[in-house]
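See below for the structure under consideration.
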Amino acid sequence: MKQKLKSLLLQAVERLQSEGVLDNNLTPQINIERSRDSSHGDYATNLALILAKPAKSNPRQLAEKIIALLPDDASVSKVVIAGPGFINFFIQGDSQSQVVRQIHDAGNQFGLSQIGAGSKVQVEFVSANPTGPLHVGHGRGAAYGSAVADLLSAVGFEVSKEYYVNDAGRQMDILATSIWLRYLEECGEVIVFPCNGYRGEYIRDIAFNIHKKTGNEYRRPGELLLEDIPADESHGGDKEKHIDALVDRAKTLLGSSLYHDLFQAGLSVILDDIKEDLEEFGVSYQEWFSERQLIEDGSIQEALKRLDEGGFLYEKEGATWFASSQLGDDKDRVVVRENGQSTYFASDIAYHMNKLDRGFDQIINIWGSDHHGYIPRVRAAMTALGADDSKLKVKLVQFAILYRGKEKLPMSTRSGEFVTLRQLRSEVGTDAARFFYVMRKSEQHMNFDLKLARSKTNENPVYYVQYAHARVCSVMRQLDEKGWERDLVVGMENLDLLVEEHETALLTSLSKYPETLERAALQYEPHLLIQYLRDLATHFHTYYNAHQFLVDDVALRNARLNLIGATKQILFNGLNLLKINTPESM
RNA sequence: GCGCUUGUAGCUCAGCUGGAUAGAGCAUCGGCCUUCUAAGCCGAGGGUCGCAGGUUCGACUCCUGCCAAGCGUACCA
């Protein structure tokens with residue numbers, strides 16, 4: 001429709017140009033918008049306002065000329081000038097109601113498009129360190145990331161979802177050591193657990209299971225642990241030095257082979273748990289990409305070599321630096337430490353090089369907002385590698401602050417005191433969790449009230465949308481009980497009977513679904529879809545209360561049934577895309 | 001100090017890339033169940049869009065400067 005109006009306006013502009021009213025080399029951007037207020041018609045354009053200045057005329061007069069030169073079209077019933085010079089279009093009612101037929105014909109496919117044209121997009125999200133279960137902060141990234149990815153697929157992009165597994169590095173060593181210490185406790189050794197170790201209950205569970213399976217294979221005398229080791233914070237020392245020394249001790253006492261086995265055992269338990277958790281949350285990945293693999297297959301060396309060839313590396317104070325400040329970063333960054341170890345950032349350079357090599361047209365990283373300072377250096381790295389850094393899009397997700405009513409809940413991983421995504425899901429349900437997470441713009445700091453999300457009352461927006469779907473189903477069941485049959489053909493033939501205010505409002509709302517989907521996808525803003533679905537549900541509920549569907553008039557009845565059938569289809573398509581259930585009754 | 005994000009109704013948040021009278025849910029108040037599910041609907045009250053300038057036909061939206069909150073500013077990951 002927009003396209004049609006655009007071409008009509010373009011013809012009018014061309015005629016104005018040939019009449020000399022407008023300059024010939026003027027190529028105006030024609031903007032057509034949905035009217036916000038139905039009294040302003042269905043579509044509006046600000047064309048006259050924009051052209052007024054170059055045409056040296058006042059906008060309303062210009063609008064009159066444009067309208068006079070506008071070619072006739074069957075689907076446009078009325079064109080009027082309003083306000084300062086807006087041109088409002090009223091669309092013929094029966095062309096509006098055709099959306100019901102289109103929705104019925106396309107069914108589950110309605111709204112999908114090919115604007116992505118098979119362009120390859122990678123979306124990386126969550127990527128939480130596998131040092132424990134996912135918590136509610138990760139939940140937001142998971143819900144947002146998967147919604148963005150699924151939306152992009154829906155509009156024709158070829159999407160690959162990826163989780164970057166940080167299975168290397170110090171945190172993982174601390175995890176392995178924490179597990180080992182709990183294991184030793186399990187064996188009956190007396191140990192002092194480090195301040196900086198992972199204290200969560202799940203560590204004990206893992207240790208317990210390893211002990212059950214392997215007996216005393218990993219047991220070493222407890223008194224050897226702390227020999228000549230720097231004091232922990234609790235004893236007036238430095239907790240970082242203490243834990244690092246403890247990790248080294250674990251490696252020495254166990255030997256590299258056993259240490260590796262233990263490390264691997266812990267990692268796989270946690271990773272499996274994360275996978276299962278996400279799967280249950282409706283989030284699936286094409287790729288679980290291992291950081292360790294980058295280290296082991298020489299990718300990091302390769303990446304550094306390429307940076308060096310570009311002249312971006314230099315040595316200072318025994319370390320190797322990447323001159324990222326030449327490329328927009330605040331300062332240069334270390335890639336290889338004085339001790340010869342590459343940094344996490346070096347891994348990330350290699351990782352992004354790998355992403356580029358895989359030929360994605362667009363690389364979308366979804367990160368927690370605390371990583372924002374990291375963006376310039378990654379961009380710098382991509383540029384230094386000779387890539388176009390505009391391929392990279394970073395979307396930051398703000399933290400969700402969790403409340404239970406008025407009470408704020410703690411969120412710290414190390415202490416083990418945090419609400420896990422699992423707990424959240426079991427407390428409020430997967431549907432409500434997804435809905436709540438995606439309901440807000442990702443950059444918005446979010447207050448997540450568990451009490452509200454859990455409530456099975458009118459306070460909860462999830463049910464509002466689901467209820468609309470269930471209500472349509474209920475009407476269809478009632479139809480059956482009355483001994484009537486739905487006649488699709490009769491309904492379609494009588495769509496022009498849908499002239500009530502509530503009906504045209506619902507029709508308009510339905511016709512907006514494809515463009516909403518498109519916008520939500522291209523702008524990476526799934527909350528627009530949620531917003532839309534709530535709006536659609538409102539139109540339906542209002543209609544439901546204002547008019548009877550199951551009327552005696554066969555023509556009207558079937559037209560209405562087709563209308564609410566189409567509504568049900570859109571509610572289904574939208575919720576389904578967001579992996580939220582659509583109950584047939586509630 | 002510098003950087004990123006945020007600031008809209010009592011609370012939680014939208015606001016369609018600069019449009020017409022700034023919207024929704026919750027909360028408050030008042031109505032609607034002998035008729036398709038009241039997890040619903042209708043109505044009322046509630047606003048200096050953080051503050052001050054600027055850009056223009058027109059600003060919640062863009063620019064500048066302040067103010068406030070969160071985060072970041074590692075040879076941690």
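Numbered from 1 within each chain, the chains take letters A, B, ... in sequence-line order.
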No-hydrogen, no-angle side-chain donor-acceptor test under 3.5 Å, His445(A) and Arg440(A): no
Of the nucleotides [options], which one has an atom closest to the side chain of [X]?
X         : options                : result
Gln398(A) : C75(B), U5(B), G40(B)  : U5(B)
Arg534(A) : A24(B), C36(B), C75(B) : A24(B)
Gln171(A) : A77(B), U5(B), G40(B)  : A77(B)

Between [X] ([atom1]) and [N] ([atom2]), how many Å, whole number?
X         : N      : atom1 : atom2 : answer
Met586(A) : A38(B) : CE    : C1'   : 13 Å
Arg377(A) : G3(B)  : CZ    : C1'   : 12 Å
Gln548(A) : U35(B) : CD    : P     : 10 Å
Tyr464(A) : C26(B) : OH    : P     : 9 Å
Ile375(A) : G72(B) : CD1   : C1'   : 11 Å

Side-chain donor/acceptor contact of His372(A) with base of G3(B) under 3.5 Å: yes
Look at the side-chain N and O atoms of [X] and state whether any lies under 4.0 Å from the OP1 or OP2 oxygen of [N].
X         : N      : answer
Arg471(A) : A39(B) : no
Tyr463(A) : G25(B) : no
Thr542(A) : C42(B) : yes

Sugar-phosphate or base contact per nucleotide [nucleotides 13-23 of chain B; S, B, -; heavy atom under 4.0 Å]: SSSBB-BB---
CA sep, side-chain torsions, deciding dist, call: Asn166(A), Gln171(A), side-chain hydrogen bond (donor to acceptor under 3.5 Å, both in side chains): CA-CA 9 Å; Asn166(A) 296 123; Gln171(A) 294 308 321; over 6 Å; no
P atoms of U12(B) and A39(B), separation to the nearest Å: 28 Å
Spacing of the P atoms in A59(B) and C16(B) (rounded, Å): 16 Å
C63(B) glycosidic torsion: syn (within 90° of 0) vs anti: anti
Distance under 6.0 Å and angle within 45° of ring axis: Arg534(A) vs Tyr464(A): no
Proximity to RNA chain B (any heavy atom under 4.0 Å), residues of residues 553-565 of chain A only: none
